[in-house]
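In what follows, a single structure is set out as structure tokens and then discussed.
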Amino acid sequence: MKFKALTVAALTVAMPVMALAGPDDDKLVINGEIEIVTKAAAPAHMEETGIDTVMSGWHFRADETQALEMDDFDNPGMIFVDQAIDAWNMAEGSEGKSCASCHDDPSSMAGVRAVYPKWNEAAGEVRTLAMQVNDCRVNKMGADKWKYAGGDMASMEALISVQSRGMPVNVATDGPVKAVWEQGKELYYTRTGQLDLSCASCHEQNYGNMIRADHLSQGQINGFPTYRLKNAKLNTVHARFKGCIRDTRAETYSPGSAEFVALELYVASRGNGLSVEGPSVRN
Amino acid sequence: MKLTYLTVAATLVAGSAFAAEVGPKEVKYNDDTAIEMSLTGVAGDPEKGAVIMATKSKGNCVACHEISALSAAFQGNVGPMLDGAGDRWSVGELRGLVVNAKMMFEGSVMPSFYQVDGFTRPGNAYTGKAGQEPLAPLLSAQEIEDVVAFLATLKDE
């Protein structure tokens, strides 16, 4: 007997797997004041996925890990935010400028994280936050680029993200970004590597399930950069993409590549409506 | 022991030449779901199969499946529980499922354990670097026979 996909779906409905720990219903409030939307109605473009609620990865972590994100004094990612404040104020490069020279206080970045990646009309391309930071460094400061997924960049992204915590992710999916968004969607559903897995294999079809001790989340990126207990540092979105694709026994793309920029835009759009949460804490 | 790609390929060629092993490209499905013939002609060892299924660097079946007979901690639940698998499937079907579960379950997320080419962006194991097809299969022919032999012992009574 050969089972078609529909048969399998019907079986799944008829015989639900026993209810092992799914995502929880805890509420995330940071420092007792910043309310984070960690569950939201799925954006319209996800209708075909059958997912009606998008959820932050925070819901899939243990209580002790969740607690680390509820107070900035407990969140190890905030150490890197402090470091980035120093970088923000430090003049570098041939123009003798710092970030602060043009942007004043980091609080001027409120709302920025929420809408990236976004279209840059002058450059005629979709830009991630990291690309924009490096554009400033090279073209406004006359300084060297930072490594795309390196520590300096991750820290600066964390500083910029903090200014938008609690604001809803709201990246564009159409207009000039449409083609790149479609490319990202294609990548999301492409099964790669010897294990033949796509992003969707785990994070759409199996979120809430366990792969060994790992509780599969929806793979949302509203909490990036994220401090992982596993490697005790801030992790960028592209570094995480690379790690996931590596784990399918595939040849990865590089951080900063056109493919990962497209994938970031698409995955970010699956979290439209969730709050910006970075730097989050995960295991 | 660390085998280079060439060594593995040479071993496979030698294996199929001398032991009449069924290579990854020669597997024959009956009705698209079952592989009736042993891949090696050597009876599988269920005890070895149990170890392969619980070992991360081998089958790592417990990453996605619960199997009460195995003591491995943190068994996953992406795939169905395998208790009673020996009642539900024939040996040929079990072999077909381990070799390539997508033949039975279209679109399954389960990796094919005896596939060496036809991948999208094949990598060199878990390095993230490009790999050259044909890759070594995830499990050898005899390892698959061992796993099948263990699965066949998973009966409810």
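Order of the sequence lines fixes the chain letters, A, B, ..., with proteins taken first and strands second; residue numbering starts at 1 for each chain.
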Original post:
Is it the case that more than 12 heavy atoms not belonging to B:E36 sit under 6.0 Å from its CD atom?
Top reply: yes

Cut-off 4.5 Å, heavy atoms of chain B, and the answer for A:I245 is neither

Turns out that what part of B:A73 lies under 4.5 Å from chain A's heavy atoms comes down to backbone

Ranking B:C64, B:S112, B:S108 by heavy-atom pairs under 4.5 Å to chain A gives rank one to B:S108

If one checks every heavy atom of A:S198 against chain B at 4.5 Å, the contacting part turns out to be neither

message = Taking the side chain as everything from C-beta on, heavy atoms only, tell me whether A:D196 gets closer than 4.5 Å to B:M110.
response = no

Check: Would you say A:R212 and B:V62 make side-chain contact, with heavy atoms under 4.5 Å?
Finding: yes

Interface check, chain B: of A:K242, A:R246, A:Q194, most non-hydrogen pairs under 4.5 Å belong to A:Q194

Applying a strict 4.5 Å limit to non-hydrogen atoms, the region of B:D117 in contact with chain A is neither

When A:L216, A:I211, A:N209, A:N206 are each screened for side-chain contact (heavy atoms from CB on, under 4.5 Å) with B:N77, the one that passes is A:N209

Find out whether A:R249 and B:Y126 are in side-chain contact, i.e. whether some heavy atom of one side chain is under 4.5 Å from a heavy atom of the other. yes

Between A:G193 and B:F119 the two heavy atoms that sit nearest each other are O-CD2, 3.4 Å

Around atom NZ of A:K39, are there more than 12 heavy atoms of other residues, nucleotides or ligands at under 6.0 Å? yes

Taking atom OH of A:Y189 as the centre, does the number of heavy atoms from other residues, nucleotides or ligands within less than 6.0 Å exceed 12? yes

Q) Between B:V109 and A:Q205, is a side-chain contact (heavy atoms from CB on, under 4.5 Å) present by the stated rule, with each step listed? A) CA-CA 9 Å; B:V109 299; A:Q205 291 178 251; 3.8 Å; yes

*Compute both the distance and the angle, then confirm whether B:R121 meets the cation-pi test with A:Y253: under 6.0 Å from the six-membered ring centre, within 45 degrees of the axis.*
yes

